[in-house]
Amino acid sequence: VQLQASGGGLVQAGGSLRLSCAASGRTFSSYAVGWFRQAPGKEREFVAVINWSGGSTSYSDSVKGRFTISRDNAKDTVYLQMSSLKPEDTAVYYCAARVGMGVSATSYRYWGQGTLVTVSS
């Protein structure tokens with residue numbers, strides 16, 4: 001599976017962005033997809049994950065209630081709708097895929113290249 005993340009950019013605090021993760025290659029609908037982020041000088045952290053069908057999701061406490069993960073298997077794409085953005089959400093955001101849901105970055109086999117989100121105060 002090849003993944004490509006897009007949709008990052010510069011936004012003011014309180015604003016919104018929607019990230020996309022487009023997949024190609026093997027059967028995308030078989031995989032759970034997670035979003036992770038990495039801020040400068042920090043470790044990569046879990047943000048959200050969605051199962052293969054879209055029927056189950058999980059979020060980190062830091063984004064719960066502000067971010068929504070969804071997927072369209074007909075388009076081989078997973079989305080991360082981010083609202084009420086804060087300066088501390090600034091990071092490079094990565095999408096990743098694996099069989100079954102998980103929150104550990106090391107458990108994901110396939111990774112996209114990352115897209116930068118910058119939230120100004």
Side-chain angles (χ1 to χ4, degrees):
V1 176
Q2 291 80 45
L3 303 174
Q4 183 167 358
S6 62
L10 175 64
V11 63
Q12 289 188 331
S16 298
L17 275 177
R18 188 178 78 161
L19 304 184
S20 298
C21 177
S24 60
R26 302 179 70 177
T27 308
F28 177 66
S29 60
S30 300
Y31 294 90
V33 174
W35 283 97
F36 294 80
R37 66 187 182 186
Q38 188 165 19
K42 295 188 176 181
E43 293 187 354
R44 192 168 298 188
E45 66 172 353
F46 167 75
V47 174
V49 62
I50 190 166
N51 77 332
W52 67 274
S53 69
S56 182
T57 59
S58 182
Y59 300 89
S60 68
D61 288 343
S62 61
V63 307
K64 196 173 297 182
R66 300 188 298 121
F67 291 11
T68 302
I69 189 171
S70 62
R71 68 189 297 160
D72 184 343
N73 284 341
K75 296 183 178 179
D76 288 343
T77 303
V78 170
Y79 305 98
L80 184 69
Q81 178 67 48
M82 306 185 296
S83 302
S84 302
L85 283 162
K86 305 175 182 180
E88 51 263 44
D89 293 319
T90 295
V92 177
Y93 284 71
Y94 300 88
C95 59
R98 54 162 282 173
V99 175
M101 294 174 67
V103 301
S104 170
T106 58
S107 70
Y108 281 75
R109 179 175 181 180
Y110 304 102
W111 287 86
Q113 84 288 1
T115 185
L116 176 63
V117 173
T118 303
V119 184
S120 63
S121 57

- Residue set satisfying salt bridge (charged side-chain N to carboxylate O under 4.0 Å, His left out) with K64, at least two apart, ordered chain then number -> D61
- Counterpart residues, side chain to side chain donor-acceptor pair (under 3.5 Å), relative to S60 (two or more places apart): S62
- Could you please spell out the steps behind the side chain to side chain contact (heavy atoms under 4.5 Å, CB included) verdict for Y59 and T68? CA-CA 8 Å; Y59 300 89; T68 302; 3.8 Å; yes
- Item | N73 (side chain) donor-acceptor with W52 (main chain) under 3.5 angstrom | yes
- Which residues pass the salt bridge (charged side-chain N to carboxylate O under 4.0 Å, His left out) test with R71, sequence neighbours left out? none
Please list every donor-acceptor pair under 3.5 Å in which a side-chain atom of residues 91-100 meets a protein atom from a residue at least two apart or in another chain.
unit_1: Y93; atom_1: OH; unit_2: R37; atom_2: NH1; d: 2.9
unit_1: Y93; atom_1: OH; unit_2: D89; atom_2: O; d: 2.6
unit_1: R98; atom_1: NE; unit_2: G100; atom_2: O; d: 2.6
unit_1: R98; atom_1: NH1; unit_2: S107; atom_2: OG; d: 2.8

- Query: Below 4.5 Å, heavy atoms only, C-beta onward: do K42 and P40 meet side chain to side chain?
  - Reply: no
- Quick one: list whatever passes side chain to side chain donor-acceptor pair (under 3.5 Å) with S121, sequence neighbours left out. none
- Task: Evaluate the side chain to side chain contact (heavy atoms under 4.5 Å, CB included) criterion for residues V78 and I50: first the C-alpha distance (whole Å), next the side-chain angles of each, then the deciding distance (0.1 Å), finally the verdict.
- Result: CA-CA 9 Å; V78 170; I50 190 166; 4.2 Å; yes
- Got a donor-acceptor contact below 3.5 angstrom from the N51 side chain to the G54 backbone? yes
- Message: For residues V63 and L17: do they belong to one hydrophobic cluster (side chain heavy atoms under 4.5 Å, members Ile, Leu, Val, Met, Phe, Trp, Tyr)?
- Response: yes
- Output all residues satisfying side-chain contact (heavy atoms from CB on, under 4.5 Å) with S30, sequence neighbours left out; order by chain, then residue number. T27
- When rounded to the nearest 0.5 angstrom, what distance separates CE in M82 from CH2 in W35? 8.0 Å
- Rounded to the nearest 0.5 Å, how far apart are CG of L19 and CD1 of I69? 10.0 Å
- Note on the structure: Sequence neighbours excluded, the answer for side chain to side chain donor-acceptor pair (under 3.5 Å) partners of D72 is none
- Task: Enter the distance from Q4:CD to Q113:CD here, rounded to the nearest 0.5 Å.
- Result: 5.0 Å
- Inter- and intrachain pairs under disulfide (SG to SG under 2.5 Å), touching residues 59-94, at least two apart: none
- Task: State the CG-OG distance between L3 and S20, to the nearest 0.5 angstrom.
- Result: 12.5 Å
- Task: Applying side-chain contact (heavy atoms from CB on, under 4.5 Å), name anything that partners T90, two or more places apart in sequence or on another chain.
- Result: T118, V119
- Note on the structure: Between the CG atom in L80 and the OG atom in S70, the distance rounded to the nearest 0.5 Å is 8.5 Å
- Query: Is the F36 ring parallel, tilted or perpendicular to the W111 ring (thresholds 30°, 60°)?
  - Reply: tilted
- Query: How long is the span from the CZ atom in F67 to the OG1 atom in T57, to the nearest 0.5 Å?
  - Reply: 14.0 Å
- Task: Please list all pairs passing the disulfide (SG to SG under 2.5 Å) test where one or both residues lie in residues 40-75, with sequence neighbours left out.
- Result: none
- Message: Run the side-chain contact (heavy atoms from CB on, under 4.5 Å) test against S84 and tell me which residues pass, sequence neighbours left out.
- Response: R66
Donor-acceptor pairs under 3.5 Å, side chain of residues 5-12 to any protein atom, not counting sequence neighbours: which ones?
none

- Task: Using the rule that two of Ile, Leu, Val, Met, Phe, Trp, Tyr join whenever any of their side-chain heavy atoms come within less than 4.5 Å, decide whether Y108 and Y31 are in one cluster.
- Result: no
- Task: Say whether V103 and M101 are linked into one hydrophobic cluster, either directly or through other cluster members, by side-chain heavy-atom distances under 4.5 angstrom.
- Result: yes
